[in-house]
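Comments concern the structure below.
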Amino acid sequence: MRGGWSKTFAVIGAVGLLAVSACGNSNDNSTGGDASANKDVTVFTWWADGGEKAGLDGLVSAFATDCKDYKFVNSAVAGGAGSNAKQVLANDLAAKKPPATFQAHAGAELGDYIKNGQVDDVSDLYKEWGLDKAFPQSLLDNLTVDGKIYSVPANVHRANMVWANPAVLKKANIDATKAPASVDAWIADMEKLKAAGVKAPLATSKGFAQEMVLEVVLLAELGPDKFTGLWKGETDAGGADVTAALTKYQKLLSYSNVDRDAIDWPDALGYVNKAQAAYTVMGDWVAAQQLSDKVPDSAYTYWPAPGTAGNFQFLSDSFTLPTGGQDPDGAKCWLKTVGSAEGQKAFNTKKGSIPARSDAVATDYPKYQQSAMADWTANKIVPSCAHGAACSLGQNDSILSAISQFSGKQDVATLQKALATAIKSS
Ligand code: GAL
């Protein structure tokens, strides 16, 4: 690697985590050959494996075509939703050793990096590349602070999805073709599944995955306006309706796998695929994972989480131009690819997400994304807290610790208090 910022690599196993981070300037020329004539562009993500890596690879191939003077250097740190990556990134930014570019969620999370002066204004590039016309205004609003734009969105993901195994549902005579109408109806189905011998019908995993279960229950129980208002501090987080939702969340967790705090989301999905569980709540990067694992369409089904149909809970991955980055020109070339029609197609056909650009052709995409594109236009849009659209990094960290504590102690009142405190914080 020449003139590179860092080589950060992490491997996460089923039982533990081994993370090796060797940050700082590195001068090893180990890549050698002709490629070493190109300048490195270190791209920091948490897309290290499976469908996520497949999406990143798509983007990298478009970058190789568009940016021949540069060489992609993978600085991915494994762990769902950036569970390990975000801390590594925070350390590198604090040490003033930013990568050439890093992923950040549109919305409150991006706002943190802007407030901290860690990312540059890219509004001029929007004009230069016509991006001000390419993305929907609602998304541009999520990226804009004081009239300036600080990142380029790569996609739109949907969070409020359930992925289910029809063969398991059949064991309990449950119709796999449609979602239960409400959280209560879903709980009734969980009981049927248990009676049919499925010990842990709901597969989930540590941290953010449980937060996503909590969010879909809140969305179903409060409805979209109160749900969105919750994160803005406009809905009373201490209210009786929130208590009722948290109590249902507790009930749902009682149907989940006992190792939920030890595994990551692909393992939980694995339980569904292996017919050990009926459902998992997860964002639509699952569609990419199934594609990458060659799970046939007939082996799984999906619908919006019970009680949330008609709502599209969104998040958007965007790429930044870090302040003081090593090769801003290389980073800009990456951003140009990210925002281009070809780059978005190469990425999103593999990533399970839909393009952030409005000019994409639906038939270029797999079946799942075609349905998501239709819903993105027809549904009510609500934000995800777990994936930075509604919550800042600090708020999310506090919610994650409350969730992990709740997984063990199961105390609804403590969880509700912690949620309310987190929302009030910045
Ligand atoms: C989200 C990210 C997605 C996906 C997911 C699971 O935060 O926006 O692109 O990577 O985490 O790791």
Side-chain angles (χ1 to χ4, degrees), residues 10-12 17 43-59 74-90 101-110 112-113 139 142-143 151-161 163 204-213 215 263-270 280-293 312-320 338 343-344 346-356 368-369 372 383-393 395-397 399-400:
V11 181
I12 186 159
L17 166 79
V43 178
F44 188 97
T45 70
W46 53 84
W47 299 328
D49 303 295
E52 303 193 306
K53 168 85 166 37
L56 181 61
D57 287 346
L59 206 45
N74 194 354
S75 281
V77 175
S83 48
N84 307 311
K86 283 179 179 170
Q87 191 53 55
V88 174
L89 178 65
T101 181
F102 63 86
Q103 78 177 100
H105 290 120
E109 181 183 308
L110 184 69
D112 284 334
Y113 298 113
L139 189 54
N142 268 281
L143 299 164
S151 67
V152 177
N155 65 359
V156 170
H157 265 306
R158 186 177 195 175
N160 60 317
M161 292 299 291
W163 309 84
T204 191
S205 51
K206 64 185 172 188
F208 85 99
Q210 290 173 42
E211 188 179 6
M212 292 180 77
V213 178
E215 286 193 60
I263 61 170
D264 206 351
W265 70 270
D267 310 306
L269 176 62
T280 192
V281 174
M282 194 38 59
D284 49 14
W285 40 94
V286 162
Q289 190 74 5
Q290 301 289 60
L291 199 65
S292 139
D293 288 345
F312 190 117
Q313 191 191 16
F314 96 102
L315 56 120
S316 170
D317 296 305
S318 70
F319 280 92
T320 56
V338 167
Q344 300 232 325
F347 178 60
N348 290 298
T349 46
K350 299 279 172 8
K351 181 69 168 70
S353 40
I354 60 174
Y368 168 74
Q369 280 100 318
S384 154
C385 170
H387 304 283
C391 297
S392 67
L393 289 162
Q395 288 173 322
N396 203 29
D397 278 349
I399 294 171
L400 282 170

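First listed ligand is number 1; within each ligand, the first listed atom is number 1. What you see below is based on every heavy atom in this structure, not just the backbone, and it leaves out hydrogens, waters and symmetry mates.
Annotation: ring-ring contact (aromatic ring centres under 6.0 Å, His included) contacts of F319 (sequence neighbours excluded): W47, W334.
Listed by chain and residue number, the protein contacts of ligand 1 are W46, W47, E52, G80, A81, H105, H157, W265, W285, L315, D317, K351, H387 (heavy atom within 4.0 angstrom).
Put simply, the side chain of Y368 does not reach to within 4.5 Å of the side chain of V286, judged on heavy atoms. Proximity of S316 to N142: side-chain heavy atoms (C-beta onward) are nowhere separated by under 4.5 Å.
With hydrogens and angles left out, the side-chain atoms of D264 and S205 include no donor and acceptor closer than 3.5 Å.
For L56 against T45, the heavy-atom pair with the smallest separation is CD2-OG1, 3.9 Å.
Aromatic ring centres of W46 and H105 lie closer together than 6.0 Å.
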